[in-house]
Amino acid sequence: MIQTVRGTFDILPDELPRWRLVEETARAVFRCYGYREIRTPIFERTELFARSVGEETDIVAKEMYTFTDRSGERLSLRPESTASVVRAYIQHKMWTWGSVVKLFYMGPHFRYERPQKGRFRQFHQIGAEAIGHTDDPAIDAELIEMVEEYLERLGVRERALFLNSVGCAQCRPAYVRRLKEALAGAIPRMCENCRRRYEVNPLRILDCKVEDDQPFIERAPALVDHLCSACAAHFEALRRHLDARGIAYRIAPRLVRGLDYYTRTAFEITGARLGAQNAIAGGGRYDGLSELLGGPPAKGIGFALGVERLLLALPEEAAVADEAPDLYIAYLGEAARQHAFRLARRLRREGLIVLYDFEERRLRRLMAQADRVRARYAVLIGEDELAAGRYTLRDMRTGAQEALSEDALVQKLVASRSPSASASR
RNA sequence: GCGAGCAUAGCUCAACCUGGUCAGAGCACUUGACUGUGGAUCAAGGGGUUGCGGGUUCAAAUCCCGCUGCUCGCCCCA
């Protein structure tokens, strides 16, 4: 048997209502904030990710699905989408669209990692980016508010927002030097990973969860205390904006985003019941990424949210099951069969959900089937009905039956759909 | 890439530790009791080379080894 490849999975019809809820709620909420949907290709030139995400990051160094196409082009399945959106911003000269362009996206992304709870090789992200001439912290605050509002709307209550600033090209190098000096004495006694990070990416040492390393890390200087004056002011302003908006957050001095392009604002939202991978959403500012990709100077901030993780945090009752059929047609005999098909077509044109069996079966089985699919009504078309020119309509909830002409039946069923039910479709 | 756990019917699991009643139950499915009327009940039935390969033994779902797959964790990230 050929099965899905490791780290991928089918989303079956029964699970789709939850996916649709998450996706449609995102569209509804983001729209209100002026974000518009963009769809970028699922694969891009490898160079795009290598340059933006960073050659030395795990994502680029060992997690990308990279291949060469028939013309020799180096291509990669997208491991994230910020790079693509910024590429699109440059390619379509979006700076002419206005001072800040707000975009959101959703779709599959790919990373070659060992699957575990809340982590897959084909996974889904929903994200948004605000790119433009200004780095006004009010944009950061609004974006964070939008994510919070979205999660609130979905009923994800058990969550926490963590905030930090990772500085900029001016202040971060100096901080990294200071950090290395501070840890120089301790590093031989720290874990193997930290010793490696010390050389490759010292900031990530702050992320270490090894218990024995904690005392050293706690004594290390905090990034937020060594920001340049511009970054410090930006961070202060962001905090005031969040306070003013009534958004609760916690400063996480050790929150470091893994991707090279991040500057200043970094945030993460974690949820309960997720297992080891408890980050539902993460994001931050990436001033300078446009220039890095050969575009004009631009400031940007964005976030990405893991749909599979969100689904784990989503309340059970959040999504309702698919709609039940409006009508099940039970027909007996070949003549009735043609009447059944014609009736079904008329009602389906009106938007009703109509089912029938293709095989001839005994009435008892047909009624059982109508019950099993949770049909609201069943209609019986047999010899008696054909002779009388009236079908027997049965209300499956009450068991009440009445004889109706085809026109009367269609009229009744179409009217039976409440206006609110049809409006939500 | 590393570590641990698990793999029996479509699904959830039992039998495994303490090898030896034919590999079982519940749910689901099909059929009948009930010739044209569902949900309940009762009965019958279909469906398994116990993930794959090898070994030990008179005898393996059960013990041992290898492989594959899945799950969880490390790493990293959404």
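By convention in this document, chain letters (A, B, ...) are assigned in the order of the sequence lines, proteins followed by strands, and residues within each chain are numbered from 1.
- In summary, the side chains of Gln369(A) and Tyr328(A) do not present any donor paired with an acceptor at a separation below 3.5 Å, with no hydrogens or angles considered.
- Pair check for G73(B) finds C2(B); Watson-Crick or G-U wobble, both atom distances under 3.5 Å.
- One C1' atom belongs to G39(B), the other to C77(B), and the distance between them is 49 Å to the nearest Å.
- Using a 4.0 Å heavy-atom cutoff across all strands shown, Arg372(A) reaches sugar-phosphate atoms only and no base atom.
- Stacking of Lys102(A) on the aromatic ring of Tyr33(A) is not recorded, the 6.0 Å distance cut-off and the 45° axial limit not both being met.
- As rounded to the nearest Å, C67(B) and U31(B) have C1' atoms that lie 43 Å from one another.
- A donor atom on one side chain and an acceptor atom on the other are found under 3.5 Å apart for Tyr286(A) and Glu129(A).
- A 3.5 Å limit on both hydrogen-bonding distances identifies A7(B) as the Watson-Crick or G-U partner of U68(B).
- Among the atoms of the strands shown, base atoms are found under 4.0 Å from some heavy atom of Gly382(A).
- A distance-only check finds a donor-acceptor pair linking the side chain of His234(A) to the backbone of Asp135(A) [under 3.5 Å].
- Across all strands shown, U30(B) pairs with A44(B); the Watson-Crick or G-U wobble distances both stay below 3.5 Å.
- For the C1' atom pair drawn from U57(B) and U12(B), the interatomic distance equals 34 Å after rounding to whole Å.
- Residue-level contact check: Gly127(A) touches neither bases nor backbone, having no heavy atom under 4.0 Å from any strand.
- Residue contacts for Arg6(A): at a heavy-atom cut-off of 4.0 Å it reaches the sugar-phosphate backbone alone, with no base atom in range.
- Ala220(A) and Leu179(A) get closest at one heavy-atom pair: CB-CD1, 3.8 Å.
- Using a 4.0 Å cut-off between a side-chain N of Lys or Arg and a carboxylate O of Asp or Glu, Glu268(A) and Arg250(A) do not qualify as a salt bridge.
- Nucleic acid contact class of Arg197(A) (heavy atoms, under 4.0 Å, all strands): sugar-phosphate only.
- Using a 4.0 Å heavy-atom distance criterion, Ala370(A) is classed as making no nucleic acid contact.
- The partner of C16(B) cannot be assigned: no Watson-Crick or G-U wobble pair with both contacts below 3.5 Å exists in any strand.
- For the P atoms, the distance from U8(B) to C70(B) is 14 Å, rounded to whole Å.
- Residue Glu80(A) is out of contact with every strand shown, counting any heavy-atom pair closer than 4.0 Å.
- The outermost nucleotides of RNA chain B lying under 4.0 Å from heavy atoms of chain A, listed 5' to 3', are G1(B) to A78(B).
- For U57(B), there is no paired nucleotide, since no Watson-Crick or G-U wobble pair has both relevant distances below 3.5 Å.
- Within the 4.0 angstrom heavy-atom criterion, base atoms lie near Leu380(A).
- Within the shown strands, nothing qualifies as a pairing partner of U62(B) under the Watson-Crick or G-U definition with both distances less than 3.5 Å.
- Note: Tyr356(A) and Phe358(A) meet the aromatic proximity criterion, with ring centroids under 6.0 Å apart.
- Within the structure, every pair that satisfies the salt bridge (Lys or Arg N to Asp or Glu O under 4.0 Å) test and touches residues 117-126 of chain A, not counting sequence neighbours, is listed here: Glu113(A)-Arg119(A).
- Counting any heavy atom pair closer than 4.0 Å across all strands shown, Glu63(A) reaches sugar-phosphate atoms only and no base atom.
- Glu308(A) comes within 4.0 angstrom of no nucleic acid atom, judged by non-hydrogen atoms across all strands.
- The residue Gly399(A) sits close to a base: some heavy atom pair falls under 4.0 Å.
- Pairing partner, G38(B): none, since no Watson-Crick or wobble contact has both distances short of 3.5 Å.
- Here Arg394(A) lies in heavy-atom contact (under 4.0 Å) with a base.
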